[in-house]
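A short worksheet on the structure shown next.
All values reported here derive from a predicted model rather than from experimental measurement. Read the numbers this way: they start at 1 and go in the same order the structure lists the ligands and their atoms.
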Amino acid sequence: MGRLHENARIWINGRLYDEEHATVSVLDHGLLYGDGVFEGIRVYGGRVFLLEEHIRRLYESAKAIRLQIPYSPDALTAAVRETVQINRLQDGYVRLVVTRGAGSLGLDIRKTSDPQVIIIAATITLYPAEYYEKGLQLVTASTVRNLSSALSPRIKSLNYLNNILAKIEATDAGCVEALMLNHKGEVAECTGDNIFVVRDSVIRTPPPEAGILEGITRNAVIRLAREAGHTVLETPLTRHDIYIADECFLTGTAAEVVPVIRLDGRTIGDGRPGPVTRQLLQRFHELTRRGGFE
Ligand code: PXG
C-alpha cells in the first residue's frame with residue numbers, strides 16, 4: 001500500500017524507484033544510530049523554493065558530522081529539480097536525506113560504506129487553515145533543547161528525538177507546537193519552527209547562539225521584514241518576552257509563517273494575529289509566488 005501519490009518515483013543514488021522498491025538496508029547507520037542529515041524543502045508552482053540555501057545547509061550539516069556526500073552540490077541540485085519534474089509536483093514538499101550508509105554494528109564510521117542519498121518529492125499536510133487566520137497556542141516543553149556543545153541544533157541531523165519528545169508534550173497539552181528553551185532557560189525555538197516576537201514595533205528572534213536551527217524561512221522572513229522597513233534584532237529572549245509581546249509568530253518550511261496567540265495560558269497581545277504578523281505572512285506568500293529573492 002502506497003503512502004505517497006500514485007506512481008511516485010523516489011530518487012536514491014542516481015536511480016528512480018517506485019515507493020515499494022525504494023528501500024535502504026536495515027544495517028544503514030541512518031536507521032541504527034540516526035547517523036545522517038536531511039533537508040525539508042518546499043515546491044511552489046513547480047519551482048523548488050530557496051533550493052540553493054537548503055543545499056548549502058545540507059552540505060554544512062554533513063561536514064559537521066564528517067559525512068562525505070558522494071555528489072557535488074550542483075549535481076544534487078539538478079537531481080532535486082529532476083525528481084520534482086518527474087513526479088509532476090506543482091506545490092509540495094521535498095525530503096532530501098543523506099544517511100551514513102550500511103555498516104557493521106558499532107559506531108565506527110570507518111566500517112560503513114555507500115551513503116544513501118534519497119530524494120522524496122511529495123506533499124506535506126499543513127496546520128489547518130484556521131491556525132493561519134486565528135493563530136495557534138503553544139505550551140513550554142519541559143524537554144530542554146539539545147545543548148549546542150553536545151549536539152549542535154544547527155546540524156539538521158536524522159536525530160530528532162529531542163524535538164519529538166517536546167512535540168509529544170505539545171500533543172499531550174492539546175497544542176500543535178511546543179516552545180523549547182535552551183539549558184539557560186532562554187527561548188530557543190519550537191519543535192520544527194523558529195520563533196519571533198513583536199513589541200513596540202521591534203521584531204526580535206533568538207540568535208543562532210541560543211541553540212537553534214538557523215531556519216531558512218527564518219532568514220527569509222528577517223530579510224523581508226527589513227526590506228519592509230522593520231527593525232529586526234537577533235537577541236536572547238525569555239518566556240516573559242513572549243508573554244508580554246504584542247505579537248508572536250513561527251516560521252518554518254512546513255509551517256511557513258503562522259501566528260501564535262497564546263503561550264502557557266497567557267494571551268499574547270489581544271489574542272488575534274497582529275498587523276506585523278499579517279503583513280509578513282502576506283509578503284512571504286508573495287515571495288513564494290515569485291520563487292524566491294532575485
Ligand atoms: N527549527 C527546527 C528544529 C526545525 O526542524 C526549523 C526550525 C525551521 O527551519 P526551516 O529551514 O525549515 O525554515 C526546522 C525545520 C518535517 C519538517 O518533515 C521539519 C522541518 C522543516 C520541514 C519539514 O517535520 N523543520
| query | Which class fits the ring pair Phe196 and Phe249: parallel under 30°, tilted 30 to 60°, perpendicular over 60°? | reply | parallel
| request: May I ask whether Thr191 places a heavy atom under 4.0 Å from ligand 1? | output: yes
| field | side-chain contact (heavy atoms from CB on, under 4.5 Å), paired with Phe284, selected from Glu256, Arg289, Gln279 | value | Glu256
| request: Could you tell me whether Arg223 and Glu227 have a side-chain N and a carboxylate O separated by less than 4.0 Å? | output: yes
| task | Check each of Ile164, Ile216, Thr253 against atom 12 (O) of ligand 1 and report the one with the nearest heavy atom. | result | Thr253
| Is the shortest distance from a Lys or Arg side-chain nitrogen in Arg145 or Glu189 to a carboxylate oxygen in the other one below 4.0 Å? | yes
| field | NZ or CZ of Arg266 within 45° of Tyr243 ring axis and under 6.0 Å | value | yes
| task | Look at atom 15 (C) of ligand 1 and say which protein heavy atom is nearest, naming residue and atom and giving the distance to 0.1 Å. | result | Lys156 NZ, 3.3 Å
| Could you go step by step and tell me if Tyr59 and Arg57 meet the side chain to side chain donor-acceptor pair (under 3.5 Å) rule? | CA-CA 5 Å; Tyr59 280 80; Arg57 188 171 65 186; over 6 Å; no
| remark: Closest heavy-atom pair, Asp193 versus Ala255, reported as atoms and distance to 0.1 Å, is OD1-CB, 3.2 Å
| message | Can you confirm, on distance only, whether ligand 1 has an N/O atom lying under 3.5 Å from any N/O atom belonging to His54? | response | no
| Are any of the heavy atoms in Glu39 under 4.0 Å away from ligand 1? | no
| Going by heavy atoms, is Arg145 under 4.0 Å from ligand 1? | yes
| field | Subset of ligand 1 atoms that lie under 4.0 Å from at least one heavy atom of Arg57 | value | 11 (O)
| Who's the nearest protein heavy-atom neighbour of atom 17 (C) of ligand 1, and how far? | Tyr93 OH, 3.6 Å
| message | For ligand 1 and Tyr160, I'd like to know whether there is a polar contact (N/O to N/O, distance under 3.5 Å). | response | yes
| field | Distance from atom 13 (O) of ligand 1 to nearest protein heavy atom, with residue and atom | value | Thr217 OG1, 2.6 Å
| message | Salt bridge or not between Lys156 and Glu39? Use side-chain N to carboxylate O under 4.0 Å. | response | no
| task | Return yes or no for this condition: an N or O of Asn163 is under 3.5 Å from an N or O of ligand 1. | result | no
| message | Between the side chains of Arg204 and Asp241, is the shortest nitrogen-to-carboxylate-oxygen separation below 4.0 Å, so that they form an ion pair? | response | no
| Is Cys190 close to ligand 1, meaning an N/O of one under 3.5 Å from an N/O of the other? | no
| Protein heavy-atom partner closest to atom 7 (C) of ligand 1 - residue, atom, separation in Å | Glu189 OE1, 3.4 Å
| said: Check contact between Glu214 and ligand 1, using heavy atoms of the residue and a distance below 4.0 angstrom. | reply: no
| query | Has ligand 1 got any nitrogen or oxygen that is less than 3.5 angstrom from a nitrogen or oxygen of Arg95? | reply | yes
| query | Would you say Arg9's side chain and Ile86's backbone share a donor-acceptor pair under 3.5 angstrom? | reply | no
| field | Ala220, Gly252, Gly192, Gly215: member with heavy atom nearest to atom 6 (C) of ligand 1 | value | Gly192
